[in-house]
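Below you'll find the structure, written out as structure tokens, and then a few comments.
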Amino acid sequence: MKLLTHNLLSSHVPGLRPGGGFPLRIEAAEVRVRPVPFNAAFVSRLVPRLRWEALREAAESLGRPSELPPEPLPDYEADEEFLRRLHHVLLEVEVLEGSLQCPDSGRRFPISRGVPNMLLSEDQ
Amino acid sequence: VGCDRSKNLVDICGEKHFQAFVCDALSVPIRSGSCDACISIAVIHHFSTAERRLATIQELARLLRPGGTALIYVWAMEQEYKNQKSKYLKEKNGSKNKDKEMNTGTAQRPLSDPGPDNSTQDSAWSDQLLKDLNDESSGAKPVADFRLPVHTNRTSFHSQDLLVPWHLKGGTKKKEESVDKMLVPGGSKELEELSPVFHRYYHVFCEGELEAVCRSLDCVRVQKSYYDQGNWCVILEKL
């Protein structure tokens with residue numbers, strides 16, 4: 001699971017408060033870094049879709065020193081160094097084993113071989 | 001990012017280094033309004049009631065940002081349309097052409113692969129009961145004696161609700177082998193040697209049906225509605 005994916009995922013446990021269940025807390029047992037070809041336009045277009053603070057928290061929780069500023073830099077589209085750092089955090093760091101925990105209900109969803117299993121049990 | 005109800009299928013995506021997760025289409029764990037585009041290919045036709053099919057489209061719409069679009073493909077009841085048979089019907093006499101067609105990458109290639117390679121001879125009515133229908137329909141008559149027809153692969157559909165056989169390949173089975181023995185009733189020792197058959201539920205859609213379901217939602221607009229190789233398709237825009 002890359003951090004881009006994590007930024008989109010939200011707990012869907014029933015009965016949460018509006019806006020609840022996000023972001024999921026990452027408990028990582030195995031993390032891998034794998035290079036991915038850099039595409040500045042792609043990364044740049046992602047910025048408006050991201051929940052920035054959740055991304056920073058996720059990067060920090062994986063023990064990566066946060067290379068990201070508190071907010072996206074103004075004129076980030078033209079800032080290649082910023083985009084490259086963002087590219088690395090979003091696309092090159094993967095959680096292979098571990099779990100995602102709902103911040104409201106505490107429910108855990110396992111991640112195995114890079115794949116989160118978000119299925120709820122029958123009674124949820 | 002992709003998702004599916006089948007953990008094993010999603011694991012294959014993971015092995016190929018795609019981003020994917022396991023979930024149910026009725027409850028997708030993605031924050032609302034975060035997607036520019038979604039696709040739902042050969043999924044909604046597996047849901048057994050109109051309410052559940054509508055709910056999957058509502059869920060799809062929830063994921064889209066305003067202006068975002070969704071593409072939905074479902075199996076059509078009409079496998080022959082405007083005097084043209086779909087590829088599903090054309091491949092009735094064996095799958096030897098199938099590999100070639102899958103590799104051509106032309107616009108004709110169906111996006112949903114309808115069913116197994118092997119044709120079966122059975123067109124028997126299944127005694128299988130659908131408990132779901134009993135549980136889910138509110139106010140509907142009890143359906144204790146409801147039976148679903150088992151489809152004969154690579155033929156036209158005679159019913160909108162049916163079970164389609166799927167053969168889990170054992171690896172050693174030759175295509176030329178007679179398949180008549182496959183469905184000998186329990187007790188035959190030949191059954192143990194053969195690969196298992198699973199019956200998968202489908203609700204195939206009539207012309208206009210998918211579009212009508214989508215139009216019943218206020219939050220989306222039907223941008224385009226068309227037929228493609230045995231599938232009914234819509235493109236929706238989130239309002």
Side-chain angles (χ1 to χ4, degrees), chain A residues 1-16 18-24 32 34-37 42 45-51 54-55 90-97 99-105 107-122 124, chain B residues 1-40 43 46-49 51-52 55-70 131-132 134-136 219 238:
Chain A
M1 179 200 70
K2 298 185 182 185
L3 292 187
L4 171 59
T5 302
H6 169 261
N7 202 260
L8 296 168
L9 285 172
S10 177
S11 169
H12 56 138
V13 170
L16 297 180
F22 180 88
L24 292 158
R32 171 178 71 188
R34 230 172 120 250
V36 170
F42 176 68
R45 285 195 298 262
L46 286 175
V47 174
R49 298 277 163 268
L50 299 170
R51 290 280 172 86
L55 177 64
L90 281 176
L91 301 173
E92 295 187 330
V93 181
E94 299 179 65
V95 179
L96 293 181
E97 302 290 330
S99 61
L100 296 169
Q101 188 180 34
C102 173
D104 292 76
S105 69
R107 172 75 158 85
R108 280 184 168 82
F109 301 97
I111 302 173
S112 102
R113 291 187 291 223
V115 170
N117 187 334
M118 306 300 294
L119 286 175
L120 295 169
S121 54
E122 284 292 320
Q124 283 189 281
Chain B
V1 65
C3 57
D4 196 87
R5 185 63 178 70
S6 160
K7 182 177 191 309
N8 290 345
L9 287 181
V10 177
D11 281 344
I12 294 171
C13 296
E15 284 160 32
K16 295 173 188 277
H17 305 300
F18 293 115
Q19 290 293 286
F21 55 90
V22 187
C23 77
D24 192 303
L26 292 172
S27 179
V28 180
I30 294 270
R31 40 182 179 87
S32 302
S34 60
C35 298
D36 296 296
C38 296
I39 64 174
S40 171
V43 173
H46 287 300
F47 286 86
S48 57
T49 69
E51 290 80 6
R52 286 161 72 85
T56 62
I57 300 175
Q58 280 172 318
E59 190 63 350
L60 208 61
R62 178 183 70 77
L63 304 180
L64 291 171
R65 59 151 177 88
T69 52
K131 249 183 353 95
D132 278 356
N134 264 329
D135 293 344
E136 288 178 23
C219 57
K238 175 81 174 278

Expected list for residues 11-18 of chain B: side-chain donor-acceptor pairs under 3.5 angstrom, two or more places apart:
| unit_1 | atom_1 | unit_2 | atom_2 | d |
| --- | --- | --- | --- | --- |
| Asp11(B) | OD2 | Arg113(A) | NH2 | 3.2 |
| Asp11(B) | OD2 | Lys7(B) | NZ | 3.2 |

Shortest non-hydrogen contact from Gln19(B) to Glu94(A)?
NE2-OE1, 4.1 Å

If you compare all heavy atoms of Ala20(B) against all heavy atoms of Pro116(A), which two are closest, and at what distance to 0.1 Å?
O-CD, 3.4 Å

Are the side chain of Arg31(B) and the backbone N or O of Asn7(A) linked by a donor-acceptor pair below 3.5 Å?
yes

Rounded distance (nearest 0.5 Å) linking atom CZ of Phe109(A) with atom SG of Cys23(B):
10.5 Å

At a heavy-atom separation under 4.5 Å, does Arg51(A) approach chain B through its side chain, its backbone, both, or neither?
both

Just wondering, more than 12 heavy atoms not from Leu26(B) lying within 6.0 Å of its CG?
yes

Non-hydrogen atoms of Asp24(B) and Leu119(A) that approach each other most closely
N-CD2, 3.7 Å

Please tell me if the side chains of Met118(A) and Val28(B) come closer than 4.5 Å, counting only heavy atoms from C-beta onward.
no

In terms of heavy-atom proximity below 4.5 Å to chain A, should Val1(B) be classed as side chain, backbone, both, or neither?
side chain

Taking all non-hydrogen atoms of both residues into account, name the closest pair between Phe21(B) and Val115(A) and its distance.
CA-CG1, 4.3 Å

Tell me, side chain or backbone of Leu50(A) under 4.5 Å from chain B's heavy atoms, or both, or neither?
backbone

Considering heavy atoms only, which positions within residues 56-64 of chain B lie below 4.5 Å of chain A?
none

